[in-house]
Amino acid sequence: MATERTDLGMTARRLARTDVVSVTPDTPITKTAQIMRDRTVGSVLVIEGDELIGVVTDRDIAVEVVADGSASLTHEVTDLEMLTAQDVMTADPQSVDADAKIQRVLRAMNDAHARRIPVVDDDHVVGIIAFDDLLHLAGECTHVSAQLDSLAEVIHAESPSN
């Protein structure tokens, strides 16, 4: 008997975290890093007005600012206080529609080589999905599947023989 994979029918809206952490384009990168540390997140969305214009990840800060120095950016900034989220962000980031199925979310993350993806509804950010959220979902599905298998074994063992 085939079983329907209802977990894969879940929408991005249902899985997304709604407590999105964001900064403005002119937020100093040092303040951006502090916000990420204090909120225990690996990325912040860069929002201008109501529009998503970029994403800054902990890796962006580590690679673009610390490892390579600001010389790798579009313009050289020697004072970190002068460096902003807009200087470091990935502009025009990939996003998924709130009604997208999990398969579409996975495809978009893979296409963008991203571990996090904003979820939008009518061009407004309504959440974010991290790769860890997908791993958690997979773990829950595996756990539920194992429990159902165990229950099926008990029912089979206790059923009268035909």
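Values in this document were obtained by computation on a predicted structure and should not be read as measured data. Only this structure's heavy atoms are used, side chains among them; waters, hydrogens and symmetry mates stay out.
Inter-residue side-chain proximity for Thr90 and Asp60 is flagged as met; some heavy-atom pair is nearer than 4.5 Å.
Residues Ile53 and Leu83 fall within the same hydrophobic cluster, defined by Ile, Leu, Val, Met, Phe, Trp and Tyr side chains chained together at heavy-atom separations under 4.5 Å. Under the 4.5 Å side-chain heavy-atom criterion for Ile, Leu, Val, Met, Phe, Trp and Tyr, Leu135 and Ile128 are members of distinct hydrophobic clusters. At a threshold of 4.5 Å between side-chain heavy atoms, the hydrophobic network of Ile, Leu, Val, Met, Phe, Trp and Tyr places Met109 and Val20 in two separate groups.
The minimum heavy-atom distance between Ala16 and Gly127, with the atom names listed, is CB-CA, 4.1 Å. Across every non-hydrogen atom of Gln94 and Ala112, the tightest pair is CB-CB, 3.7 Å.
Rounded to the nearest 0.5 Å, atoms NZ (Lys101) and CE (Met10) are 10.5 Å apart. A distance of 14.5 Å separates OG1 of Thr11 from CZ of Arg104, quoted to the nearest 0.5 Å. Expressed to the nearest 0.5 Å, how far CZ of Phe131 lies from CG of Leu106 amounts to 7.5 Å.
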Check residues 116-125 and write down every donor-acceptor pair under 3.5 Å in which the side-chain atom is one partner and the other belongs to a residue at least two apart or another chain.
unit_1: Asp121; atom_1: OD2; unit_2: Arg13; atom_2: NH2; d: 3.0
unit_1: His124; atom_1: ND1; unit_2: Asp122; atom_2: O; d: 2.9

Extract all donor-acceptor atom pairs below 3.5 Å that involve side chains of residues 22-39 and protein atoms in other chains or at least two apart in sequence.
unit_1: Thr24; atom_1: OG1; unit_2: Asp26; atom_2: OD1; d: 2.5
unit_1: Thr24; atom_1: OG1; unit_2: Thr27; atom_2: OG1; d: 3.0
unit_1: Thr27; atom_1: OG1; unit_2: Thr24; atom_2: N; d: 3.2
unit_1: Thr27; atom_1: OG1; unit_2: Thr24; atom_2: O; d: 3.0
unit_1: Thr30; atom_1: OG1; unit_2: Glu81; atom_2: OE1; d: 3.4
unit_1: Thr30; atom_1: OG1; unit_2: Glu81; atom_2: OE2; d: 3.0
unit_1: Thr32; atom_1: OG1; unit_2: Pro28; atom_2: O; d: 3.0

What side-chain donor-acceptor pairs closer than 3.5 Å can you find for residues 43-52, not counting sequence neighbours?
none

- Does the pair Asp133 and Arg17 meet the rule for a side-chain contact (heavy atoms from CB on, under 4.5 Å), with working shown? CA-CA 9 Å; Asp133 299 325; Arg17 297 170 184 242; 2.7 Å; yes
